[in-house]
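Proteins come first, then strands; the chains are lettered A, B, ... in the order of their sequence lines, and each starts at number 1.
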2 protein chains.
Amino acid sequence: MEKVRSRTSYHHGDLPAALIDATFALIEENGVHGFSVAEAARRTGVSISAPYRHFADREELLAACAIAACEELQRRFGEALAQRQSPADQLSAVAAAYVRFAAERRPMFESLYGAGLDKSRHPQLADAGAAVLMPVAEVARKLAPGGGGEAAGILVVALTSLAQGYATMLLEGSFGEPPAAVDLACERVAAATAALLRGRSLLF
Amino acid sequence: MEKVRSRTSYHHGDLPAALIDATFALIEENGVHGFSVAEAARRTGVSISAPYRHFADREELLAACAIAACEELQRRFGEALAQRQSPADQLSAVAAAYVRFAAERRPMFESLYGAGLDKSRHPQLADAGAAVLMPVAEVARKLAPGGGGEAAGILVVALTSLAQGYATMLLEGSFGEPPAAVDLACERVAAATAALLRGRSLLF
DNA sequence: GTCTATATGTTGATAGAC
DNA sequence: GTCTATCAACATATAGAC
């Protein structure tokens with residue numbers, strides 16, 4: 001309710017955020033392929049050139065979306081970690097949280113893996129991505145032999161791969177139709193994580 | 001060496017195949033986003049309208065590429081299955097074959113999961129996809145409790161998810177730079193498959 | 001089966017006014 | 001910080017000639 005902005009401003013207090021929202025809406029409707037800067041501008045009610053004051057080009061807007069997705073993911077991982085006690089349970093919960101994130105925030109998920117972003121050209125995004133995995137790596141270290149970093153790293157990649165795969169297959173329809181499919185996939189990825197951890201002696 | 005085609009034909013014995021090759025080349029260079037029917041036609045040396053004699057629209061050409069990808073994948077899975085004896089080894093080998101396929105035939109991999117194809121609108125593609133997994137499901141049945149179909153189905157989805165995830169993370173760079181990364185990811189996905197199977201009592 | 005030509009639409013990005 | 005106006009480039013798809 002704070003509309004104390006100057007009269008010379010047009011109808012947005014935060015155009016960048018509005019453009020990011022519009023981009024997610026477009027991705028939701030037609031995939032990353034269906035997004036364009038022009039259409040995002042139209043949806044937001046601004047001219048076609050306005051976005052370029054805030055984002056250098058199309059890629060930078062997509063990168064901003066991916067960063068927002070990282071933040072949402074980090075929040076969800078934090079919740080998952082807080083609700084469980086044992087490291088194994090925590091990792092299973094994180095995997096399930098990732099799968100649920102993919103289903104409930106599909107455009108965010110797609111902006112992360114499907115936008116073809118060159119992370120080396122978007123250091124802020126690389127940082128945001130690393131920050132998401134940091135608390136997970138810390139938990140993994142408790143399960144790794146010797147508590148060392150190397151085995152923990154292998155474990156983290158194994159878990160992210162597993163979760164990424166389940167998320168993808170869920171969106172492909174391998175678990176049936178929503179909403180039942182979401183719960184099913186979350187259960188299954190948690191169980192698979194547990195199975196993987198249980199048999200993890202084979203990993204190192 | 002069979003150039004017995006009529007003189008009224010232009011410079012292609014098989015334009016559809018040539019267009020599919022060109023499409024893969026474009027995907028390799030710039031992702032699915034970088035593909036267009038027009039550019040594929042130019043690369044192939046034919047006019048912009050020629051492709052439309054063979055493919056109803058852009059999507060149908062992409063679907064044809066995905067079907068070609070399924071065939072290549074099926075071939076590789078067949079090799080992997082033939083080279084191992086025990087069901088568990090066979091499944092590990094299939095997972096590794098999928099990851100290697102993603103790395104060695106990246107545009108094919110991308111046409112499968114990244115083209116946003118509505119499989120229900122391309123029944124031929126749906127069939128090709130199902131055919132790929134059929135021999136894998138048969139092996140899984142040997143490991144499932146009671147030899148029943150349900151547990152085998154859960155196992156197949158678990159394995160495809162795992163392999164899909166490792167493939168994605170490999171292409172994202174989580175395993176380092178090629179070519180060493182490819183071998184590493186293949187080893188790891190095989191080990192993870194073994195670990196998953198070993199702990200699989202948790203799955204059912 | 002392939003061509004030329006074309007209709008029709010969209011895009012990303014910039015220049016300059018306010 | 002947003003506008004209007006505009007550019008060149010490119011897309012999909014079709015019609016009709018050969």
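Residue B:Leu61 contributes atom CG, which lies 14 Å from atom C1' of D:dA11 at whole-angstrom precision. Taking atom CZ of B:Arg42 as the reference point, atom C1' of D:dA9 lies 10 Å away to the nearest angstrom. The nearest whole Å value for the distance from the CG atom in B:Asp57 to the C1' atom in D:dA13 is 10 Å. Between the OH atom of A:Tyr52 and the P atom of D:dC7 there is a distance of 17 Å, rounded to whole Å. Counting to the nearest Å, the P atom of C:dT11 and the CG atom of A:Leu62 are 14 Å from each other. The nearest whole Å value for the distance from the CD1 atom in A:Ile48 to the P atom in D:dA5 is 12 Å. Rounded to an integer number of Å, the gap from CZ of B:Arg43 to P of D:dA11 is 11 Å. The interatomic distance linking A:Phe55 (CZ) with C:dT11 (C1') rounds to 18 Å, in whole Å.
Comparing atom distances between the B:Val46 side chain and each of D:dT2, C:dG12, C:dC3 picks out C:dC3 as nearest. With C:dC3, D:dT12, D:dT2 as the choices, the nucleotide that has an atom nearest any side-chain atom of A:Ala50 turns out to be D:dT2.
Distances shown here put every side-chain N or O of B:Arg53 at or beyond 4.0 Å from the OP1 or OP2 atom of C:dT2. The phosphate of D:dA11 has OP1 or OP2 within less than 4.0 Å of a side-chain N or O from B:Ser36.
Between atom CG of residue A:Asp14 and atom CD1 of residue A:Ile20 there is a gap of 8.0 Å, rounded to the nearest 0.5 Å.
Between B:Phe101 and B:Phe109, the ring planes are perpendicular. Angles over 60° get that label, and only those under 30° would be called parallel.
Side-chain contact annotation: A:Glu60 with A:His54, donor-acceptor N/O pair under 3.5 Å absent.
Side-chain N or O atoms of A:Glu28 include none that pairs as donor or acceptor with a backbone N or O of A:Pro107 at under 3.5 Å.
A donor and an acceptor atom never sit less than 3.5 Å apart when one is taken from the side chain of B:Ser49 and the other from the base of C:dT2.
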